[in-house]
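One structure is given below, encoded as C-alpha cells.
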Amino acid sequence: MNLCLVLFPSGLVSDLRLRLLGWNSQQCIGDIFVKFALKQKVYSNFIKGYPLILRAIEKCIEQFPLFRAFLRRYECTAASKMLTLPELLLAPSRRIADYISLLRSYQLEVSRSHSDHQDVDLALNQLVDMNKLIQEYKLRCQQERQLLKIQKKIIKCPVLLEANRFLVKELDVCGLLPPSENVIPKLRVYRHIENLGLHLFNDCLVLTKRTTRFLPFERSKEDIYTFVNCCELVRLRIDDIPDSKYVSNAFRMFTPNREFFCSADSSEDKIDWISILEKTINAALEDLD
C-alpha cells in the first residue's frame, strides 16, 4: 500500500508550503493540484482493493500475535493521531472531497483573467471525476452489505448478492384471501390470513411470511421473515383494489402464474408502494430493451 495515500501527500504539502511562503496576488497553486490529480490511478487501485485490505487486516489480527501487539502499541497514540489502522485508511476516500471544497472556495477568489484560473478549473474537473469514482465504489459496497444483511435476515432466502442489484424499498403488509368472483365488488370481503414482508429490488420482488416473536420481560418484539417467493419485475404487475366497507388500502400483485392480495397499514403506504413499484417495473423493462 502506498503510504502517501494514508498520510498527507508530502509532495503536495511541501509544494503548497513553498508557494504560501512567497504568496502574492499573482501566485498560483492550480498547477500543484493538476500534478496531484495525475495520481488518479493510484487512488483507483486503492479504492478497488479497499475491502480486501480490511479483510487482510482482520485476518492478520486473528492469526498473528505480533501484529496484534503492534496495533496495541501504536494505535490510538499521538503518532497515529489517536486513530486505529482502519480509521487511518478512511483518509484517502475522504480527502479528495476536502480538496474539492478548498479549490472551489479558492476559485471564487480568482478572477477569470488570473493565470491560475485555467489550472484550477482543470484540477477541479479531475478531482471531481476521482471523487465520483470513489463514491461509486462506496455505494456499491454499501449495497452489497445491505443485500447480505437482508439475506441473513430472511430464513431460507436464496442468494441475493448479484451484480447491479440493490434494494429499493421494504414494506410490511397483511396477506389477504380474496372472495369469490361471483360477489359484487362492493360486498367482497377479503380475509386477513397472514402477515407478509415485501422486499423490492431493482430487478425482482421477494415475498416473505412475517411472524412476530414477543420477548419476555421486555416491551418489545422482533419480526421473523421466511422466504415465500421471488418474482421477476418484468413479469410482475400491480392493480389497485378500491376501498369498500370490507377492505381498505388493498392492492393485487400478480404474475402469469401467481397472484398476491395485500393490504397496507395506511393509504399513504399503499400509494407510495404502488408508485414506487410501477416506476421500478418500468425501469426494469427499459433495461431489458
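- Residue pairs meeting the salt bridge (Lys or Arg N to Asp or Glu O under 4.0 Å) criterion with at least one member in residues 62-73, sequence neighbours excluded, do not occur.
- Residues passing the salt bridge (Lys or Arg N to Asp or Glu O under 4.0 Å) test with Arg213 are Glu222, sequence neighbours excluded.
- Applying the side chain to side chain contact (heavy atoms under 4.5 Å, CB included) criterion to Ser275, with sequence neighbours excluded, gives Lys279.
- Scanning for side chain to side chain contact (heavy atoms under 4.5 Å, CB included) contacts around Asn164 gives an empty result, with sequence neighbours left out.
- Considering only residues two or more places apart in sequence or on other chains, Lys59 meets the side chain to side chain contact (heavy atoms under 4.5 Å, CB included) condition with Gln63.
- Residues in residues 131-158 take part in these salt bridge (Lys or Arg N to Asp or Glu O under 4.0 Å) pairs, two or more places apart or across chains: Lys153-Glu170.
- Phe201 is linked by a ring-ring contact (aromatic ring centres under 6.0 Å, His included) to nothing, counting only residues two or more places apart in sequence or in another chain.
- Ring pair Phe261/Tyr190 is tilted by interplanar angle, where 30° to 60° counts as tilted.
- Every residue was checked against the side chain to side chain contact (heavy atoms under 4.5 Å, CB included) condition with Arg219, not counting sequence neighbours, and none meets it.
- The salt bridge (Lys or Arg N to Asp or Glu O under 4.0 Å) contacts involving residues 250-266 comprise Asp239-Arg252, Arg252-Glu259, where partners must be two or more places apart or lie in separate chains.
- If you check the side chains of Asp243 and Ser248, you find no donor sitting under 3.5 Å from an acceptor.
- In this view, Phe67 satisfies the ring-ring contact (aromatic ring centres under 6.0 Å, His included) rule with no residue, not counting sequence neighbours.
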Got a list of side-chain donor-acceptor pairs under 3.5 Å for residues 112-129, not counting sequence neighbours?
{"unit_1": "Ser113", "atom_1": "OG", "unit_2": "Ser111", "atom_2": "OG", "d": "3.2"}
{"unit_1": "His114", "atom_1": "ND1", "unit_2": "Asp116", "atom_2": "N", "d": "2.9"}
{"unit_1": "His114", "atom_1": "NE2", "unit_2": "Ser25", "atom_2": "O", "d": "2.9"}
{"unit_1": "Asp116", "atom_1": "OD1", "unit_2": "Gly30", "atom_2": "N", "d": "2.9"}
{"unit_1": "Asp116", "atom_1": "OD2", "unit_2": "Ile29", "atom_2": "N", "d": "3.0"}
{"unit_1": "Asp116", "atom_1": "OD2", "unit_2": "Gly30", "atom_2": "N", "d": "3.2"}
{"unit_1": "Asp116", "atom_1": "OD2", "unit_2": "Tyr106", "atom_2": "OH", "d": "2.7"}
{"unit_1": "His117", "atom_1": "ND1", "unit_2": "Asp121", "atom_2": "OD2", "d": "3.3"}
{"unit_1": "Asp121", "atom_1": "OD1", "unit_2": "Gln107", "atom_2": "NE2", "d": "2.3"}
{"unit_1": "Asn125", "atom_1": "ND2", "unit_2": "Asp121", "atom_2": "O", "d": "3.2"}

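- When the side-chain hydrogen bond (donor to acceptor under 3.5 Å, both in side chains) test is applied to Arg55, the partners found at least two apart in sequence or on another chain are Glu58.
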